[in-house]
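Remarks on the structure that follows.
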Amino acid sequence: MALLLRFVLLCGVADFTRSLSITTPEQMIEKARGETAYLPCKFTLSPEDQGPLDIEWLISPADNQVVDQVIILYSGDKMYDDYYPDLKGRVHFTSNDLKSGDASINVTNLQLSDIGTYQCKVKKAPGVANKKFQLVVLVKPSGTRCYVDGSEEIGNDFKLKCEPKEGSLPLQYEWQKLSDSQKLPTSWLSEMTSSIISVKNASSEYSGTYSCTVKNRVGSDQCLLRLNVVPPSNKAGLIAGAIIGILLALVLIGLIIFCCRKKRREEKYEKEVHHDIREDVPPPKSRTSTARSYIGSNHSSLGSMSPSNMEGYSKTQYNQVPSEDFERTPQSPTLPPAKFKHPYKTDGITVV
């Protein structure tokens, strides 16, 4: 009876070892964003596995809202990798001869969206086997900035801060003082592994160069900080200087406003004077030409006058010229001298 039981067990073990199996154990793989993840899947075949070889990789995204989807497939001696758009062109078989027993893949240029559970399925009738692998994509710390939050003066309280721009949790911090001339304050020792160091009642001994290193499981980053603790500044002088500066600025603004207003008043006055000149009134006639025409007409009349009344007529006629027609005293017209015949007497009668 015991011999029979042993024979059955041995046959079962032999039959089990002869079936198709994936020898790679299930595991969790952690990689940094941008790197390449190697997902192993090695298998063995038994003599009974005579069917066509089919290899299939599937992904179950971390959000668990999408059913398993094929990302790469080997069937009928051909490879297909255009099933899953998010991984198209970034997933490849590592072996050129999949029949040799290596169905491992590489996922290049990892992104956070690649996080999930990957499953390797190998089929060769009648054998079937599968294994799952957990892929975790992490972000390395980067863009770390060190700075002082507060006034670096003796007697003040302030904080030293170390902040990475990005990085997957959990993060580890490590502060170091690079200036060997002075030791770290004892009160800081408990905070040398945190992102913030609280400084109380600062003294000049705290001055120096410090470094902060940020780490996680996939990488690290570092920043430097120069701390210079100085004596308190003269705040009264600073306030007085600020007040004087404000007053000078107000005076300057007032002068600018005054000049602008003065210029506007001048421009307004010039416009008003310009509009007072009537452009539609024709220019007055020349008063000199009027006077000359007046005198010329009278001069023609004088030619027909006798010498006896010349003197009286000329006085009255010139006096009749309107004074408003002259802007200046017109020159008396030059009259040709009158020619008179000498009188002679004939029989007691004077003849001209």
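Just so it is clear, the structure is predicted and the values come from calculations on it, not from any experiment.
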query: To the nearest 0.5 Å, how far apart are CG in Leu73 and CH2 in Trp57?
result: 13.0 Å
- prompt: Are Cys223 and Cys162 within a span of less than 2.5 Å, counting SG to SG?
  reply: no
field: salt_bridge(Glu191, Lys159) N-O dist < 4.0 Å
entry: no
query: Got Lys99 and Tyr74 here, is their nearest side-chain heavy-atom distance under 4.5 Å?
result: yes
field: hydrophobic_cluster_shared for Met79 and Ile59, side chain cutoff 4.5 Å
entry: yes
message: Measuring only between side-chain heavy atoms, which start at C-beta, is Ile71 closer than 4.5 Å to Gln69?
response: no
Thr193 side chain vs Glu174 backbone, donor-acceptor pair below 3.5 Å: no
task: Indicate whether the side chain of Tyr206 and that of Glu152 have a donor and an acceptor atom separated by less than 3.5 Å.
output: no
- prompt: Any chance CD of Gln172 has more than 12 other-residue heavy atoms, nucleotides or ligands included, within less than 6.0 Å?
  reply: no
field: Single-linkage hydrophobic cluster Val91~Ile115, side-chain heavy atoms < 4.5 angstrom
entry: yes
- prompt: Just wondering, more than 12 heavy atoms not from Lys124 lying within 6.0 Å of its NZ?
  reply: yes
- prompt: What heavy-atom pair brings Asp54 and Ser75 nearest, and what distance separates the two atoms?
  reply: OD1-OG, 3.1 Å
query: Are Tyr38 and Leu87 connected, step by step, through hydrophobic side chains (Ile, Leu, Val, Met, Phe, Trp, Tyr) whose heavy atoms are closer than 4.5 Å?
result: no
message: Let's go through Val148 and Leu160 carefully: what are the C-alpha distance in whole Å and the side-chain angles of both, what is the deciding distance for side chain to side chain contact (heavy atoms under 4.5 Å, CB included) to 0.1 Å, and is it a yes or a no?
response: CA-CA 5 Å; Val148 179; Leu160 308 183; 3.9 Å; yes
- prompt: What residues, two or more places apart in sequence or in another chain, satisfy salt bridge (Lys or Arg N to Asp or Glu O under 4.0 Å) together with Lys123?
  reply: none
message: Could you check whether any side-chain heavy atom of Gln222 comes within less than 4.5 Å of a side-chain heavy atom of Pro141, counting everything from C-beta outward?
response: no
message: If hydrophobic clusters are built by linking Ile, Leu, Val, Met, Phe, Trp and Tyr wherever their side-chain heavy atoms come under 4.5 Å apart, do Met28 and Leu138 end up in the same one?
response: yes
- request: Classify the angle between the aromatic ring planes of Trp188 and Tyr210 as parallel (below 30°), tilted (30 to 60°) or perpendicular (above 60°).
  value: tilted
- request: For Thr44 and Ser21, test the side chains for any donor-to-acceptor distance below 3.5 angstrom and give the result as yes or no.
  value: yes
message: Do Val229 and Glu205 have side chains that approach each other closer than 4.5 Å (heavy atoms only, starting at C-beta)?
response: no
Residue Asp97 excluded, over 12 heavy atoms near CG under 6.0 Å: yes
message: Running the 4.5 Å side-chain criterion over Ile, Leu, Val, Met, Phe, Trp and Tyr, what cluster does Val214 land in, apart from itself?
response: Leu169, Leu171, Tyr173
task: Considering only NZ, NE, NH1 and NH2 on the basic side and carboxylate oxygens on the acidic side, decide whether Asp114 and Lys31 come within less than 4.0 Å.
output: no
field: Contact check, side chains of Cys120 and Phe43, non-hydrogen atoms, under 4.5 Å
entry: no
- prompt: Under 4.5 Å between side-chain heavy atoms, hopping through other hydrophobics if needed: is there a path connecting Ile22 to Ile55?
  reply: yes
